[in-house]
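Following: one structure in structure tokens, then a few remarks.
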Amino acid sequence: MQTLAEGLRLPTNGLDYAILAIYFVVVLGIGFMARASVRTSLDFFLSGRSLPAWVTGLAFVAANLGATEILGMAATGAQYGVAVVHWYWIGAIPAMVFLGLVMMPFYYRSKVRSVPEFLLQRFDTSAHLLSSALFAFAAILIAGVNLYALSIVVEALLGWPQWVAIVVAGLFVLVYITIGGLSSAIYNEVLQFFVILAALIPLTVLGLKRVGGWDAMSDSLTKQHGGDFMTAWGGTGIGDANPLGANWLTIILGLGFVLSFGYWTTNFAEVQRALSAKNLSAAKRTPLIAAFPKIFIVFAVMIPGLVAAVIVPKIGTPGSDLTYNDAIPLLMQELLPNGVLGIAVTGLLAAFMAGMAANVSSFNTVFTTDIWQRYVVKDKPDTYYLKFGRLITAIGVLASIGTAFIAASFSNIMSYLQTLFSFFNVPMFVVFIIGMFWKRASMKSGVWGLVAGTAAAMVNYFWIYKGGIIDIPSDQGANFVSAIVGFVAGAVVMVVVTLFTAPKPEAELAGLVYGTESPSPDEELEEADRAWYRKPALLGWGAIVLAAACYTPYSF
């Protein structure tokens, strides 16, 4: 990642630092209050499955709204224009609805503590161990991305050395997760959701005012970049050239289906929030509640990027000392007075802490329950695994500090993250989706599907794309293609392996394959509640319809 421009140092004063200090005190206070509820490992890793849907829903969306998303999506807006909406209305909402309506019943009924544990029940120990190892590795890499992004931002904006930013923010995440477990992370993510919005909304409103409103901004950017810059689908015909480097087919299949569904339905950093809900109805509503703010968050990250492209027309070009990643810091410097500036800086820190905490809390759960407890140290008292979970949390934070510098070799944070998702999430998704809808899928097909999907995505990216064997215009376009290749390879290998290996006994598939589940007593009680807002299907379709309505102005 390129460092932020030296000229973006913010004029912070005592008021701004006071706001920042108050936020850190509140974060630690939430951690200490959550400590009282942590008595067992289930309390530590899944909040005792006791949280209401509105809490888990807001935590679900906040866990994704990290510093990399804010900086990266604003940068994408400045670079590619309105096409950034694809990552939300095609690349998020449908998959979130699918998770809530279709996949959460399988996850929640099976009483699994993690996503890899579901693969253990559906396939075998080899699929479980490989998926656990892949996910734990990916979680630390992604946590490192958040940590590196934060250190660069804080160094540029506040003048803190990178190591100070890393140590201070990492320490706070470590303390409140170690003390209060997932409950502390989730309640802090709810707080962070509102702090992040408090930072982004003033930037959006004041930015639009600075450039004369949406119409004036649109006219200016159309003159600079052409008419396609302010439309979602312009220039995406097959064979057409566009800055995104992707056509409508790779956008729909690569981003809208494979990458999107792979991330939102199998990424335990997100699913863990839904699994902590108090009952199945709340678990199903968690991603659906999150889908509604997700529809509108795109405006708060896209518009600042577009405004930055108007204020600095040469941003991101070889002749400018500003990169696309500078869009948000540039507007903070240009538009925000002291006090509001402190809130904005706090919002960036909150975004980082939400993203890192989500990955660290999911890492400690998977490593403790899926690797350590099952394969290394078995049959110990619950208190042992609770203590080990706290220990591995500290190790995870330290490891993420190391992986933070891997991100430095990539020029674009979002490209790096999409690369990781195509390597790790997509193969897991194809194994899940085939295993969940095809009873015949054999026990051994799971592990070979994971191996084939991961290997194929890596070969496409590192050999075919990076080696120049096939010309793909951009890293983002290459990620879409890698995701499609990984999905197809994993699916084909699963089918072939299934034809030559034994299926899982049908008696062991109840509740693990679509059409074999039976309602539990608590679900029947939940059905008696006919309030519309407790019906996941209505919430899900409502989110899709609203997203489609928002999409209409940007479709042409």
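Just so we're clear, the structure is a prediction, and the values are computed from it rather than from any experiment.
Counting heavy atoms from C-beta outward, L119 and M428 have side chains that approach closer than 4.5 Å. Residues L58 and F194 form a side-chain contact, since some pair of their non-hydrogen atoms from C-beta on lies under 4.5 Å apart. The shortest distance between side-chain heavy atoms of L288 and K284 does not fall below 4.5 Å. Side-chain contact between V298 and W89: present, with at least one pair of heavy atoms (C-beta onward) separated by less than 4.5 Å. Contact of the F424 side chain with the F135 side chain is not registered, since no non-hydrogen atoms from C-beta on lie closer than 4.5 Å. I484 places none of its side-chain heavy atoms less than 4.5 Å from the side chain of V481. Using a 4.5 Å heavy-atom threshold, the side chains of F421 and V426 count as separate. At a threshold of 4.5 Å between non-hydrogen side-chain atoms, the residues V360 and T393 count as touching.
Looking only at atom types and distance, the side chain of R273 has a donor-acceptor partner in the side chain of S361 under 3.5 Å away. There is a side-chain donor-acceptor pair under 3.5 Å between D124 and S126. Using modelled atom types and a 3.5 Å distance limit, the side chains of N479 and S422 yield no donor-acceptor pair. A donor atom on one side chain and an acceptor atom on the other are found under 3.5 Å apart for S442 and T501. Checking T365 against Q272 by side-chain atom types alone, a donor-acceptor pair falls below 3.5 Å.
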**OP:** Would you sort out whether V447 and F123 count as a side-chain contact (heavy atoms from CB on, under 4.5 Å), showing the intermediate values?
**Re:** CA-CA 8 Å; V447 65; F123 295 101; over 6 Å; no
Subject >> side-chain contact (heavy atoms from CB on, under 4.5 Å) between T250 and L255, intermediate numbers included >> reply: CA-CA 7 Å; T250 54; L255 175 63; over 6 Å; no
**OP:** Any chance you could lay out the side-chain hydrogen bond (donor to acceptor under 3.5 Å, both in side chains) test for Y108 and N279, step after step, and finish with the verdict?
**Re:** CA-CA 8 Å; Y108 201 87; N279 54 40; over 6 Å; no
Subject >> Full working for side-chain contact (heavy atoms from CB on, under 4.5 Å) between R122 and M436 >> reply: CA-CA 8 Å; R122 176 59 184 88; M436 192 173 286; over 6 Å; no
**OP:** Test side-chain contact (heavy atoms from CB on, under 4.5 Å) on N359 and F363 and set out the steps.
**Re:** CA-CA 6 Å; N359 284 282; F363 164 79; over 6 Å; no
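For A92, the side chain to side chain contact (heavy atoms under 4.5 Å, CB included) partners are M96, W264, K294, not counting sequence neighbours. The side chain to side chain donor-acceptor pair (under 3.5 Å) test applied to E508 returns no partner, not counting sequence neighbours.
Within 6.0 Å of atom CZ in F98, more than 12 heavy atoms from other residues, nucleotides or ligands are found, so the atom counts as buried in its surroundings.
Remark: I434 CD1 to R440 CZ distance equals 13.0 Å, nearest 0.5 Å. Atoms CG and CZ, on L101 and R285 in that order, are 12.5 Å from each other to the nearest 0.5 Å. How far CD1 of I252 is from OG of S260: 12.5 Å, rounded to the nearest 0.5 Å. Between atom OG1 of residue T419 and atom CG of residue L141 there is a gap of 11.5 Å, rounded to the nearest 0.5 Å. A distance of 8.5 Å separates CG of L420 from CZ of F137, quoted to the nearest 0.5 Å. Between the OH atom in Y263 and the CG atom in N425 there is a gap of 8.0 Å [rounded to 0.5 Å].
Here the closest heavy-atom approach between residue S276 and residue T56 is recorded as OG-CG2, 3.6 Å. Considering every non-hydrogen atom in both N364 and G389, the closest pair reads CB-O, 4.0 Å. Across A282 and T286, no two heavy atoms sit closer than the pair O-OG1, 2.8 Å. Among all heavy-atom pairs drawn from P304 and I328, the shortest one is CB-CD1, 3.8 Å. The heavy-atom pair separating A274 from A283 by the smallest distance is O-CB, 3.5 Å. Between V493 and A452, the closest heavy-atom pair is CG2-CB, 3.4 Å.
For an aromatic pair to be called close, the ring centres must be under 6.0 Å apart, and H86 with Y80 fails this. For an aromatic pair to be called close, the ring centres must be under 6.0 Å apart, and Y88 with F296 fails this. Close placement of the F487 and F257 rings is indicated, their centers lying within 6.0 Å of each other.
Partner of F432 under the ring pair (Phe, Tyr, Trp, His ring centres under 6.0 Å) criterion, chosen from F437, Y107, W438, F106: Y107.
Put simply, the side chain of T454 gets close to the backbone of L450: a donor and an acceptor are under 3.5 Å apart.
A tilted orientation is assigned to the rings of H128 and Y375, their planes being inclined by 30° to 60°.
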